[in-house]
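Read the structure below first, then the notes.
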Amino acid sequence: VGRSFAPRLLRAVHPWRPEAAALAAQLLTLERRDILLEELPGEIERFKHSTTHEVAYEILLYSQRQSLHRDVARWYEVHQADGLSAHYPLLAHHYRGAEEPEQERRYARLAGEQAAAGYANAEALRYIDRALELAPAHDLPERYALLLTRERVHALQGAREPQLQDLEALQGIADAQ
C-alpha cells in the first residue's frame, strides 16, 4: 500500500486477514498515536509523515514486500476493474515490485500510451522506455508498437535525434518482417 490507502484494501492484502472491526481499532490506535490521519472517514487513511511510511515499508522482508505488491495489484484488477485505466501507473509500479515482468510490461505500455494521449510526454517516455526494456527482442509487433508510440512523443517534443533513432528502429523491424 502507499502513503494513502483504503482500509478495505489493507484488510484484503493483510497477511493475517483481520476482521474489519479489529483492523478499524488498530487504525484508530495509529491515528491516536499521530501516525495516521483519516483523510476520508472510513475510506482513506494516510501516513502522517512519509518517513514513517518508508520505514514501515523497509522493515518488511523482501519476500513480504514482493507478495504485498502482487496482492495489491491483483486487488486493483478485481475491485477496480471498471475504472482500471485510472490505475495503470499504479499497477505497473506494483507489478515491478512483485517482479512480474509480463504484467509490469503490460501496464507500463498502457500507462505510457495513456500518458502520451494526454500529452504527458515525460511520463509517457518513462513508461514506454520501461516497457521496451521488458519486451522480448523476438516480440517484434510489441516492440514496433512501443517504438511507434515513443517516436510520436519525440515528434511532439521536437526531439529530432531520438525520433530519428526510433524511426530507424521501426524501419529495421518492418524490414525484418
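Looking only at distances, a side-chain donor or acceptor of His79 sits under 3.5 Å from a matching main-chain atom of Trp75. Using modelled atom types, one side-chain atom of Gln114 and one backbone atom of Ser85 make a donor-acceptor pair closer than 3.5 Å.
Here CG of Asp34 is found 13.0 Å from CZ of Arg32. Values are rounded to the nearest 0.5 Å. Ile128 CD1 to Thr149 OG1: the interatomic distance, rounded to the nearest 0.5 Å, is 5.0 Å. If you take OH on Tyr76 and CG on Leu91, they are separated by 8.5 Å, rounding to the nearest 0.5 Å. Here NE2 of His49 is found 8.0 Å from CG of Leu37. Values are rounded to the nearest 0.5 Å.
Taking a cutoff of 4.0 Å between a charged side-chain nitrogen and a carboxylate oxygen, Arg105 and Glu100 do not qualify as a salt bridge. The residues Glu142 and Arg109 are annotated as salt-bridged, a charged nitrogen and a carboxylate oxygen being separated by less than 4.0 angstrom. Ion pair Glu77/Arg74 not flagged as a salt bridge, since none of the NZ, NE, NH1 or NH2 atoms sits closer than 4.0 Å to an Asp/Glu carboxylate oxygen.
When the shell of 6.0 Å around CZ of Arg33 is examined, it contains 12 or fewer heavy atoms from other residues, nucleotides or ligands. Within a 6.0 Å sphere centred on CD of Gln177, heavy atoms belonging to other residues, nucleotides or ligands number more than 12. More than 12 heavy-atom neighbours from other residues, nucleotides or ligands sit within 6.0 angstrom of CZ on Arg17. Counted within 6.0 Å of CG on Asp175, heavy atoms from surrounding residues, nucleotides or ligands total more than 12; the atom is thus considered enclosed.
Annotation: ring pair (Phe, Tyr, Trp, His ring centres under 6.0 Å) contacts involving residues 139-177, sequence neighbours excluded, are absent.
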Compile the donor-acceptor pairs under 3.5 Å between side chains in residues 52-59 and protein atoms, sequence neighbours left out, one pair per line.
{"unit_1": "His53", "atom_1": "NE2", "unit_2": "Val1", "atom_2": "O", "d": "3.3"}
{"unit_1": "Tyr57", "atom_1": "OH", "unit_2": "His69", "atom_2": "NE2", "d": "2.8"}
{"unit_1": "Glu58", "atom_1": "OE1", "unit_2": "Arg65", "atom_2": "NH1", "d": "3.2"}

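Hydrophobic cluster membership is shared by Leu9 and Tyr107, with clusters built from Ile, Leu, Val, Met, Phe, Trp and Tyr side chains linked at under 4.5 angstrom.
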